[in-house]
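Below, each value reflects all heavy atoms present in this structure, side chains not excepted, and no hydrogens, waters or symmetry copies.
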Amino acid sequence: MEAQIYFHLNQCGVFQRLRMGTTAAEMARELALDERILRSLLEYAADAGDLVRRDADDVFGLTPFGATVADHYSKVNGERVIYNMFDVRVGAWGPVWVNLGEMLRGTKVYGVDLHRAGTYAADGLFKLAAPLAEAVQRVADDLDASAVVELGPTSGILAQLAAMPDGAHRRYVGVDTKPESLAFARGLAQERNVDSIGWLLGDAFAPQGWLQALAGERRVLYFSCHFHEFLSHGQARVEQALQVLTAQPQTAGILALEQPRLESEQRADTTPTRWLYAQSNVLIHHLIKNARILTGAQWQELLRRGGCSAVRVEPTRGFGFSAYVDAVAPTVGASRV
């Protein structure tokens with residue numbers, strides 16, 4: 001219930017007003033909202049949650065924790081600030097929640113009879129993936145990569161990397177099967193005034209079709225935030241595609257950025273927020289697209305079966321994300337077996 005309330009307050013522009021602190025009457029007047037309903041929602045949020053506060057003068061605002069959450073999940077779009085705190089979990093997957101009974105009975109199938117609300121998901125992924133660019137840059141520097149290739153580039157990470165002060169010394173390429181996904185990724189780059197990224201229409205499961213475009217590169221790092229979605233095609237196909245990439249003489253490494261499935265014995269050492277988020281992440285992805293969220297050990301095993309010989313795990317600044325890295329020492333003429 002709380003998540004639903006936050007989602008709709010967000011969509012009606014309330015969170016932007018809460019940052020400044022104001023009464024329900026003032027917000028209702030400024031945003032053309034029903035004051036009675038707005039007050040009921042704000043009072044519930046203040047009494048039951050941790051993001052909204054109400055003071056003795058009946059002024060509503062964000063708690064310090066709420067302000068931190070808002071900062072982390074906000075994105076400036078022109079003159080408007082978009083808050084993607086609950087847009088993905090509630091908004092993007094709204095059609096799933098509404099039709100969950102139908103899906104359970106088999107009378108509706110995700111991807112056939114219903115689809116996620118793509119705009120919420122795309123904006124949410126861009127914000128969620130923002131802290132991960134640092135991890136990709138760190139790994140690329142560590143591996144002395146001359147090129148970085150993202151499989152499924154809608155995260156916006158390539159745009160962030162190319163916009164960095166030292167971004168010009170490295171080639172960035174995004175690969176996707178859908179022209180519309182490449183167009184979206186190109187738009188994210190244009191928002192940052194970046195036009196140096198290469199975009200390849202190609203299939204991650206058939207690298208032979210686009211690897212020739214990278215033939216001149218000395219060392220290439222391949223990465224993705226979407227391996228969990230790739231698993232909808234079956235683990236064997238993911239492993240086979242990785243085997244092709246790891247066999248290339250210019251491959252510097254493979255980087256999988258994933259939120260691993262937490263196991264029951266980890267609960268005692270995990271904060272309630274992190275634990276609930278992790279469980280919702282598994283639930284949502286297992287309901288849609290046949291995506292699979294693996295445990296940390298399972299991600300490492302998948303990479304090893306894909307030809308990765310020395311997988312290491314590194315932390316990231318992304319909420320719950322780990323970096324699973326297979327690396328080759330930057331030596332002259334390095335090759336993969």
Side-chain angles (χ1 to χ4, degrees), residues 1-98 116-117 119-132 134 156 160 191 259 267 269-281 283-284 317-321:
M1 184 184 297
E2 191 179 347
Q4 292 278 354
I5 289 172
Y6 290 145
F7 168 73
H8 291 290
L9 289 177
N10 177 20
Q11 292 302 304
C12 292
V14 173
F15 265 93
Q16 195 162 351
R17 298 301 195 279
L18 286 173
R19 294 188 68 89
M20 300 172 284
T22 184
T23 65
E26 290 170 341
M27 275 188 279
R29 185 167 54 254
E30 292 173 6
L31 300 172
L33 303 176
D34 185 304
E35 181 184 348
R36 177 183 58 85
I37 295 176
L38 176 61
R39 175 176 290 279
S40 296
L41 296 176
L42 289 173
E43 287 177 348
Y44 179 88
D47 292 339
D50 299 319
L51 303 186
V52 177
R53 61 169 176 79
R54 176 176 53 173
D55 64 19
D57 296 321
D58 208 30
V59 171
F60 291 92
L62 294 178
T63 65
F65 175 68
T68 299
V69 171
D71 287 340
H72 185 71
Y73 290 100
S74 65
K75 175 188 175 184
V76 178
N77 186 5
E79 297 182 354
R80 191 163 66 98
V81 180
I82 300 172
Y83 295 97
N84 288 110
M85 293 168 290
F86 296 93
D87 287 7
V88 174
R89 290 292 186 265
V90 179
W93 310 130
V96 172
W97 307 131
V98 171
R116 69 183 181 183
T119 301
Y120 296 132
D123 283 341
L125 175 61
F126 180 86
K127 190 63 185 181
L128 188 66
L132 300 177
E134 177 185 279
Q160 295 177 75
E191 287 181 10
Q259 296 168 304
R267 185 168 188 172
D269 299 320
T270 305
T271 65
T273 300
R274 172 76 182 92
W275 179 262
L276 291 173
Y277 180 87
Q279 302 316 309
S280 70
N281 188 53
L283 173 63
I284 286 172
R317 289 179 52 244
F319 186 60
F321 277 86

Discussion item. Please report the interatomic distance CZ(R53) to CG(L42), rounded to the nearest 0.5 Å.
Written reply: 12.0 Å
Worksheet item: Counting only N and O atoms by type, is there a donor-acceptor contact under 3.5 Å from the side chain of Q16 to the main-chain atoms of G13?
Response: no
Item to complete: Hey, could you give me the CZ/CG distance between F60 and L38, rounded to the nearest 0.5 Å?
Response: 8.0 Å
Worksheet item: For T22 and R17, which heavy atoms make the closest approach, and how far apart are they?
Response: CG2-O, 4.2 Å
Discussion item. Donor-acceptor pair, distance only, cut-off 3.5 Å: does the side chain of D57 make one with the backbone of V59?
Written reply: no
Item to complete: Might you work through the side-chain contact (heavy atoms from CB on, under 4.5 Å) test for V90 and Y6, ending with a clear yes or no?
Response: CA-CA 9 Å; V90 179; Y6 290 145; over 6 Å; no
Practice prompt. Taking the side chain as every heavy atom from C-beta outward, state whether I284 and W97 have any pair of such atoms under 4.5 Å apart.
Written response: yes
Fill in: From CG (L132) to CD (Q160), nearest 0.5 Å
8.5 Å
Response to the item:
Between the CH2 atom in W275 and the OG atom in S280, the distance rounded to the nearest 0.5 Å is 12.0 Å
Worksheet item: Do you know which two heavy atoms are closest between C12 and L31, and how far apart they sit?
Response: O-CD1, 3.6 Å
Practice prompt. Starting from the C-alpha separation in whole Å, work towards a yes-or-no answer on side-chain contact (heavy atoms from CB on, under 4.5 Å) for V69 and F65.
Written response: CA-CA 6 Å; V69 171; F65 175 68; 3.7 Å; yes
Worksheet item: If we only count heavy atoms from C-beta on, is the F15 to R19 side-chain gap below 4.5 Å?
Response: no
Worksheet item: Just how far is it from atom CD of Q279 to atom CZ of R267, taken to the nearest 0.5 Å?
Response: 7.5 Å
Item to complete: With rounding to the nearest 0.5 Å, note down the distance linking CG in D50 to CD in E2.
Response: 7.0 Å
Item to complete: Under the side-chain contact (heavy atoms from CB on, under 4.5 Å) rule, what do L41 and V14 come out as? Steps first, then yes or no, please.
Response: CA-CA 11 Å; L41 296 176; V14 173; over 6 Å; no
Worksheet item: Looking at G318 and P131, what are the two nearest heavy atoms and their distance?
Response: N-CB, 3.8 Å
Item to complete: Before giving the answer on side-chain contact (heavy atoms from CB on, under 4.5 Å), spell out for D47 and R54 the whole-Å C-alpha distance, their side-chain angles and the decisive distance to 0.1 Å.
Response: CA-CA 9 Å; D47 292 339; R54 176 176 53 173; 4.0 Å; yes
